[in-house]
Amino acid sequence: MTVVLGIETSCDETSASVIEGRHDDVSVRSLVILSQDVHRIFGGVVPEIASRAHLTAIVPVVRGALKEAGVGLPDVDAIAVTHAPGLVGALLVGVRYAKALAFGADKTLVGVHHMEGHVFATALEHREAVPPFIALLVSGGHTLLLDVPAWGTYTLLGRTRDDAAGEAFDKVGKLLGLPYPGGPHIERLAQEGDPARFRFSRPMLRRDQEPGDDDYYDVSFSGLKTALLLATRASDDLGRDRASLARGFQDALIDTLVEKTLRAVRAHRRERIILGGGVACNRTLVAAMTERAASSGARVFAPTPRLATDNAAMIARAGLFRFERGDHAGPALNAYATLPIPGMSSDDQAASAVGRTALGA
Ligand code: KG4
Ligand code: ZN
């Protein structure tokens, strides 16, 4: 049995977790997540404030996770920390703290790519959420469609050309006068909306697209956002139309994500779909994906909200995988705003060139 302490500080959550196990037989012994609510006042994450808040929180959060797990530092085999991608100042707090802890206690240090953490999150709750599968990662900073034949082997199929899915939810939330982050508010409001009142065209989704086309899997949400802005301006009674606008937006976005994911399922003959990232908290998305995947013979696995959003348990889980493979980090481990997922290749060279710059957004 290996005990891993995971640390996550890439954005606005300070989190630590202790997991225990080997290979795919893993249990979470503790998970502490401290969310920085202060950013709500500014309508988005302010990097400098995030870094300072991590500095204040990191020691009690890590101590809390060890205490909750009932283990001391000597019981830990490896310390896994998110070192990319994310806000560099925020990442550095976790990376430096993990390095000091590992050096002081003579423990193995493992650097984890945040998005690889999201790929592993669902496996902590569902024993069957293991490769081969298609992964759709949708958060405030990322929208990635991956084929995962085995842990550590990732083929980038599609990504967003502009806004991430969560970012689109948040920006549209702002347009509709909803609090930040807008995602959960839009989902709630959309339930009262009339689906026939506003029908927005599905972004980057056309019947004539074929598997070799570079927009076959990619998505883009900026056009949808503009369509919503124009509809908001044209409305003579926003109070009356708000719920239906939220519904129209969410339907278009979900339809696109579901269809692109099912294209990947069919092309790669996968029987499982794994969802991850904050937007995977959207029950309407999970329900639509589950229903339509069934017709392709595929099952959908989504983490509960605590593991869908940023957390250190998924970092510890991906860290365990890297630890078992011997991917140990040294004192030179650094933080990076952008970095490709280790073991990731693209369907084609062109997509690779774009994918590498798009990953850290
Ligand atoms: O993964 P996450 O916690 O943070 C990162 O961006 O890494 O994701 C946050 C995003 C926000 O954009 C938020 O609006 C979105 O997840 N989100 C939702 C829902 N809950 C959270 N989007 C749509 N529906 C939801 N229920
Ligand atoms: Zn994330």
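Just follow the structure's listing: the first ligand is 1, and inside any ligand the first atom is 1. No experiment lies behind these values; they were computed from the predicted model shown.
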Do you see an N/O/S atom of C11, backbone or side chain, under 2.8 Å from the Zn ion (ligand 2)?
no

Protein heavy-atom partner closest to atom 9 (C) of ligand 1 - residue, atom, separation in Å:
G140 N, 3.9 Å

Test applied, side-chain hydrogen bond (donor to acceptor under 3.5 Å, both in side chains); reference residue, R299; option that passes from E128, H126, E271:
E128

If you measure only the distance, is there a donor-acceptor pair under 3.5 Å linking the side chains of T304 and E125?
yes

From F169, F200, F221, residue fulfilling ring-ring contact (aromatic ring centres under 6.0 Å, His included) relative to F249:
F169

Tell me whether E259 is salt-bridged to R266, with the criterion being a basic N under 4.0 Å from an acidic carboxylate O.
yes

Give the residue and atom name of whichever protein heavy atom lies nearest to atom 24 (N) of ligand 1, and the separation in Å to one decimal.
N282 ND2, 2.9 Å

Within a distance under 4.0 Å of any heavy atom of C281, pick out the atoms of ligand 1 and give their elements.
20 (N), 26 (N)

Examine ligand 1 and decide if any of its atoms is less than 4.0 Å from a heavy atom belonging to G141.
yes

What are the atoms of ligand 1, with element, lying closer than 4.0 Å to any heavy atom of G166?
12 (O)

Verify the distance criterion only: is there a donor paired with an acceptor across the side chains of N311 and S15 at less than 3.5 Å?
no

From the N, O or S atoms in D310, identify the one nearest to the Zn ion (ligand 2).
OD1

Using a strict 4.0 Å cut-off to heavy atoms of P181, name the atoms of ligand 1 that fall inside it.
13 (C), 14 (O)

Quick check on the Zn ion (ligand 2): does H142 put an N/O/S atom closer than 2.8 Å to it?
no

For ligand 1, which atoms sit closer than 4.0 Å to a heavy atom of D170?
11 (C), 12 (O), 13 (C), 14 (O)

